[in-house]
Amino acid sequence: MTSTKQIQRESSLIHKVKEMLPDFVHACASDVDVVILHQDAFAADYQDDEYMLLGMAIKYAGLCGKVVQVVGSNRQTLGEEDKIQ
């Protein structure tokens with residue numbers, strides 16, 4: 001991939017994440033080393049577009065020099081007990 005193409009893709013990613021995840025962008029701009037996400041923050045009901053958004057968020061955090069830590073139990077935010085068997 002050419003340098004120009006990579007810059008365009010990175011710029012597109014930044015624009016999309018800023019538009020779709022402003023609170024996450026704010027967290028990445030703060031003076032912390034680790035950004036914590038609950039595992040149900042994305043794709044709690046297993047939506048494909050949410051998986052892509054999660055990947056974009058992780059990539060954005062990396063561009064900001066942040067580590068992403070995922071916490072929580074499966075479907076905990078929906079008030080259900082863990083059902084992984």
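Computed from a predicted structure; not experimentally measured.
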Contacts under 3.5 angstrom, residues 47-58 side chains, donor-acceptor by atom type, not counting sequence neighbours:
| residue | atom | partner | partner atom | Å |
| --- | --- | --- | --- | --- |
| Gln47 | OE1 | Asp45 | N | 3.4 |
| Glu50 | OE1 | Ala43 | N | 3.3 |

Counting only pairs under 3.5 Å, give me each side-chain donor-acceptor contact of residues 5-16, with atom names and distances, residues two or more places apart or in other chains.
| residue | atom | partner | partner atom | Å |
| --- | --- | --- | --- | --- |
| His15 | NE2 | Glu19 | OE1 | 3.4 |

Checklist line | ILVMFWY network linking Val68 to Leu63, side-chain heavy atoms under 4.5 angstrom | finding: yes

Side chains of residues 22-36: which donor-acceptor pairs under 3.5 Å do they make with residues two or more places apart or in other chains?
| residue | atom | partner | partner atom | Å |
| --- | --- | --- | --- | --- |
| Ser30 | OG | Ala27 | O | 2.6 |

Next item on the list: Would you mind reporting whether Lys66 and Tyr60 have side-chain heavy atoms less than 4.5 Å apart?
Entry: no

